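Note that the coordinates shown come from a computational prediction; the quantities given were computed from them, not determined experimentally. Note on naming: letters A, B, ... go to the chains in the order of the sequence lines (proteins, then strands), and numbering restarts at 1 for each one. Scope of the values below: all heavy atoms of this structure, side chains included, with no hydrogens, waters or symmetry mates.
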Amino acid sequence: MFKVVFPEKTVEFEAPLSVFDAAKAAELVTRAHIAAEVGGQTVGMTHLLTGDCEVKLLTFADAAGKHVFDHTAAHILAQAVKRLYPATKLTIGPAVESGFYYDFDSEIPFTAEALSALESEMKKIVKENHLIERFELPRAEALALMEEKGEPYKVQLIHELPEDAVISFYRQGEFVDLCAGPHLFSTAAVKAVKLTQCTGAYWKGDQNNKMLQRVYGVAFPSKDELKAHLEALEEARKRDHNKIGRELEFFTTVESIGQGLPILLPKGARVIQTLQRWIEDEEQKRGYLLTKTPLMAKRELYKISGHWDHYLDGMFVLGDPDDYTKDCFALRPMTCPFQYQVFLNKKRSYRELPMRLGETSTLFRNEDSGEMHGLIRVRQFTISEGHLVLRPEQLAEEFRGCFELANYCLETLGLKEDCSFRFSQWDPARTDKYEGTPEQWDHAQGVMKEILDDLGIDYKIGIDEAAFYGPKLDIQIKNVFGKEDTLITIQIDMLLAEKFGMEYVDSDGQMKRPYIIHRTSMGCYERTLALLIEKYAGALPTWMAPVQVKILPIGDEHADYAYGVKKQLEAKGVRVEVDDRNETIGKQIRTTQLEKVPYMLVIGDNEMNAGTVAVRSRKDGDKGAVSVDAFLSDLLAEIEEKRR
RNA sequence: GCUGCUAUAGCUCAGUCGGUAGAGCACGUCAUUGGUAAUGACGAGGUCAUCGGUCCGAAUCCGAUUAGCAGCUCCA
């Protein structure tokens with residue numbers, strides 16, 4: 001006799017039985033239930049219950065349920081591939097956040113036509129309604145089975161399993177795959193599937209390994225859900241900054257200038273200027289000292305900082321790096337070693353700390369040719385950079401200050417709700433990539449963990465994501481394709497101070513080593529602009545909009561009045577455009593939705609005679625006739641508030 | 001850097017079998033004059049990304065380069 005506790009009720013059973021049978025006996029199971037959580041672990045509906053347990057039934061709406069569903073879809077894909085391309089070798093095929101993929105080793109490239117053929121075959125497999133059975137084998141038999149089936153990658157995976165691992169397989173029809181599971185009860189539930197793309201991916205994610213073919217797909221329990229998903233995806237892609245940022249004339253690129261070197265057009269440049277002035281002023285209010293340091297330096301500087309050893313491939317080098325009879329320069333990929341010179345300028349007292357140094361800093365990184373992406377990943381960018389030189393006991397307080405500033409920036413930009421936190425740590429197994437000793441890293445990461453936990457930050461840990469000189473708090477954000485990038489970073493650097501011989505005279509007269517925080521307040525302007533464009537679909541909040549007000553005179557006779565209003569607004573710093581194409585167009589008032597202007601002022605006889613403007617707000621629609629003074633004062637208040 | 005795809009007018013795209021280029025929007029001129037995305041007529045715009053090859057002949061076929069897109073790997 002044992003108890004199975006469902007959230008709804010508790011049922012007692014005499015003999016072991018499957019989750020499905022237990023749920024059926026409890027009269028809880030429906031067709032929507034595709035998996036279950038038993039004792040906190042996701043299992044299939046055929047999982048055998050043998051003792052007291054808590055069981056929660058899962059549907060596709062549960063993240064864990066969707067995961068099982070997608071994983072089964074990946075197996076169906078693999079089955080279809082083995083049917084149509086029997087020579088293909090299987091590797092791995094997990095469920096991921098956006099659906100599922102399966103990596104194959106195949107000599108034949110999977111073209112769009114091939115994907116569509118595979119999709120049809122998958123639908124066939126779904127219709128065939130194969131039950132999905134789990135079975136386990138001892139290691140020797142498991143290896144024999146995979147060798148017999150000619151699956152070298154699976155053989156390798158089995159060899160890499162720990163000695164005591166349970167080696168499980170899943171069978172559906174003629175198809176068998178090494179897999180930990182769990183899976184759906186049958187292939188029939190995967191009612192709607194779409195293979196979205198095929199790309200290359202390295203075996204085990206290592207670029208020294210063979211490149212496999214990765215087929216991505218999405219799957220749903222119904223065609224309607226698939227359709228809705230695809231439409232939502234298409235909708236998101238309409239906000240792609242790389243498309244609308246060009247259409248709206250924020251930026252462009254030119255072949256002869258090169259990859260990753262965008263031209264910021266007047267509109268994009270104006271937005272960035274607005275952000276820059278705002279953040280420089282804000283930092284000044286928070287006790288930052290502004291610096292301006294060179295964009296390049298001799299190789300000797302980077303030798304001290306460690307960049308020469310750890311970052312040479314990422315730098316643009318001017319001159320022959322191996323010829324020591326001549327000077328060799330490199331454009332700076334980071335500001336740290338330059339800004340440290342500000343501190344090093346003279347002997348420093350503990351009284352001067354914390355020293356908060358800020359700089360609007362342009363950096364150059366020679367990214368690999370396939371890495372560039374619109375304004376998000378470029379080879380030259382400008383960052384709201386800063387370094388804080390601290391007494392050790394000031395670390396927590398100053399870190400908090402950096403975090404609060406970053407938060408303030410994200411809130412003001414409206415991006416905060418889209419961000420997540422990552423505590424980026426080193427990988428002790430890859431000491432070649434990092435400076436410093438394990439003791440130094442343990443210390444830095446220990447201190448940082450304490451600070452993060454104290455601030456109550458909900459972070460996930462990223463191993464091997466640290467900078468070469470220290471751990472980071474990275475504030476991550478996703479673009480419209482779901483790809484995650486770092487928007488803001490706050491780093492604790494306990495190594496470079498030593499390398500550069502930075503020290504201060506403490507109150508006891510002793511020379512002490514300062515701690516350094518390396519941080520940005522709102523990240524790099526290009527990337528931030530890109531994410532703002534995507535967030536707002538190009539319709540930026542008034543305070544940062546490149547054109548805040550557009551004036552539309554209806555006909556020639558109103559043009560003078562329109563330009564008068566423009567002058568009045570501009571005198572207060574408002575960014576105004578007059579669309580006088582109306583003069584020759586007459587009753588056709590052409591407005592450009594793509595320009596996403598917050599306010600339009602329409603001027604006809606009524607307005608001109610009454611000294612008003614007809615205000616049309618992007619947000620609130622038609623607001624009727626308003627005096628120019630009233631409009632201006634409301635607008636200035638809104639801009640001042642810096643909120644949408 | 002790797003895998004796959006792409007490059008024709010400012011933009012979005014047609015262009016069949018290899019026979020020297022087309023539309024819509026945008027732009028210019030003229031006409032129209034009045035209210036929130038598309039008035040009409042006419043006009044101007046292209047060494048078909050670049051270089052090379054095959055061919056009597058290349059936008060079209062082949063190769064290389066450059067640039068763009070998605071993914072991988074790296075990274076703000």
Side-chain angles (χ1 to χ4, degrees), chain A residues 101 103 109-112 114-115 196-216 237 240 242-243 246-247 249 252-261 311 313-314 333-335 361 363 365-379 381-385 424 433 464-465 467 472 474-477 481-489 491 518 520 522-528 530 550 552-558 579 581-595 600-607 614 616 621-622:
Chain A
Y101 68 79
D103 285 350
F110 295 141
T111 58
L115 289 190
T196 48
Q197 63 172 344
C198 175
T199 71
Y202 301 106
W203 168 235
K204 294 203 168 258
D206 184 338
Q207 60 179 327
N208 299 312
N209 287 343
K210 181 163 186 183
M211 180 152 273
L212 309 169
Q213 293 196 56
R214 174 171 298 179
V215 178
Y216 283 92
R237 286 176 187 182
D240 179 4
N242 205 9
K243 183 169 162 43
R246 290 169 195 270
E247 285 171 4
E249 299 179 6
T252 186
T253 48
V254 173
E255 213 177 294
S256 57
I257 288 181
Q259 281 192 306
L261 297 168
Y311 209 80
D313 287 348
M334 296 169 192
T335 323
S361 175
L363 305 178
R365 298 189 184 177
N366 192 6
E367 304 285 354
D368 286 342
S369 65
E371 307 299 350
M372 266 59 76
H373 172 60
L375 291 178
I376 286 184
R377 189 84 180 270
V378 292
R379 281 183 166 150
F381 57 95
T382 301
I383 186 167
S384 61
E385 181 78 283
S424 298
K433 254 183 87 173
D464 199 22
E465 300 282 1
K472 312 189 280 180
D474 290 322
I475 303 183
Q476 304 289 107
I477 191 161
F481 295 99
K483 178 159 174 147
E484 191 177 277
D485 276 296
T486 301
L487 191 62
I488 293 176
T489 180
Q491 312 173 355
H518 173 133
T520 119
M522 56 140 277
C524 96
Y525 291 98
E526 293 82 353
R527 181 174 288 184
T528 301
K550 190 152 196 166
L552 304 164
I554 311 298
D556 277 344
E557 65 274 29
H558 305 108
D579 186 354
R581 286 185 303 171
N582 297 288
E583 289 179 57
T584 55
I585 290 161
K587 86 179 190 182
Q588 289 298 328
I589 297 300
R590 299 190 186 188
T591 59
T592 303
Q593 284 185 350
L594 282 176
E595 287 182 61
M600 278 198 288
L601 307 182
V602 182
I603 293 169
D605 286 338
N606 294 341
E607 287 75 27
R616 191 174 163 80
D622 204 337

Can you tell me the base-pairing partner of rC72(B)? Count Watson-Crick or G-U wobble geometry only, both distances below 3.5 Å, and say none if there is no partner. rG1(B)
Are there over 12 heavy-atom neighbours, none belonging to E249(A), within less than 6.0 Å of that residue's CD? no
Take the protein atom CZ of R365(A) and the nucleotide atom C1' of rU73(B), then report the distance between them rounded to whole Å. 17 Å
Interatomic distance where CD belongs to Q197(A) and P belongs to rG71(B) [whole Å]: 7 Å
Does rU47(B) pair with anything, Watson-Crick or G-U wobble, both distances under 3.5 Å, and if so, with which nucleotide? none
Separation of R616(A) atom CZ from rA37(B) atom C1', in whole Å? 12 Å
When both distances are under 3.5 Å in a Watson-Crick or G-U wobble arrangement, the nucleotide paired with rA26(B) is none
Any strand is fair game: report the nucleotide pairing with rA37(B) by Watson-Crick or G-U wobble, both distances under 3.5 Å, or none. none
It should be established whether S369(A) places a side-chain nitrogen or oxygen under 4.0 Å from OP1 or OP2 of nucleotide rG1(B). yes
Hey, are K204(A) and D206(A) close enough for a salt bridge, meaning a charged N less than 4.0 Å from a carboxylate O? no
Between C1' on rU73(B) and CZ on R214(A), what's the gap in Å once rounded to a whole number? 11 Å
Stacked pair F481(A)-rA70(B), distance under 5.5 Å, angle under 30°: no
R377(A) (side chain) and rC75(B) (base): donor-acceptor pair under 3.5 Å: yes
Have a look at K210(A) and say if it touches a base, only the backbone sugar-phosphate, or nothing, with a 4.0 Å heavy-atom cut-off. nothing
Over how many whole Å does the gap from D103(A) atom CG to rU3(B) atom C1' extend? 12 Å
Rounded to whole Å, the CG-C1' distance (D474(A) to rC74(B)) equals 14 Å
Show your reasoning for whether side-chain hydrogen bond (donor to acceptor under 3.5 Å, both in side chains) applies to R246(A) and T253(A). CA-CA 9 Å; R246(A) 290 169 195 270; T253(A) 48; 2.9 Å; yes
Watson-Crick/G-U partner (both atom distances under 3.5 Å) of rC17(B): none
K243(A) vs rC69(B): side-chain N/O to OP1/OP2 distance below 4.0 Å: no
Starting at OH of Y101(A) and ending at P of rU73(B), how long is that distance when rounded to a whole Å? 8 Å
First of G205(A) and A467(A) reached from the 5' end of RNA chain B, by closest nucleotide: G205(A)
Have a look at V378(A) and say if it touches a base, only the backbone sugar-phosphate, or nothing, with a 4.0 Å heavy-atom cut-off. base
Pick base, sugar-phosphate or nothing for G523(A), based on heavy-atom distances below 4.0 Å to the nucleic acid. nothing
Can you find a donor-acceptor pair, distance only, under 3.5 Å between E385(A) side chain and rA76(B) base? no
Look through every strand shown and name the nucleotide pairing with rU66(B) as Watson-Crick or G-U wobble, where both distances are under 3.5 Å. rA7(B)
Go nucleotide by nucleotide along RNA chain B from the 5' end; which of T199(A) and L261(A) gets its closest nucleotide reached first? L261(A)
Test item: side-chain donor near acceptor, T199(A) and Q197(A), under 3.5 Å: no
Watson-Crick or G-U wobble mate for rU32(B), both contacts under 3.5 Å: none
Just the rounded figure in Å: distance from P of rG68(B) to CD of E371(A). 13 Å
Base, sugar-phosphate, or nothing: which does C524(A) touch, judged by heavy atoms less than 4.0 Å apart? base
Please report the closest heavy-atom contact between I383(A) and Y525(A), naming both atoms and the distance. C-CE1, 4.1 Å
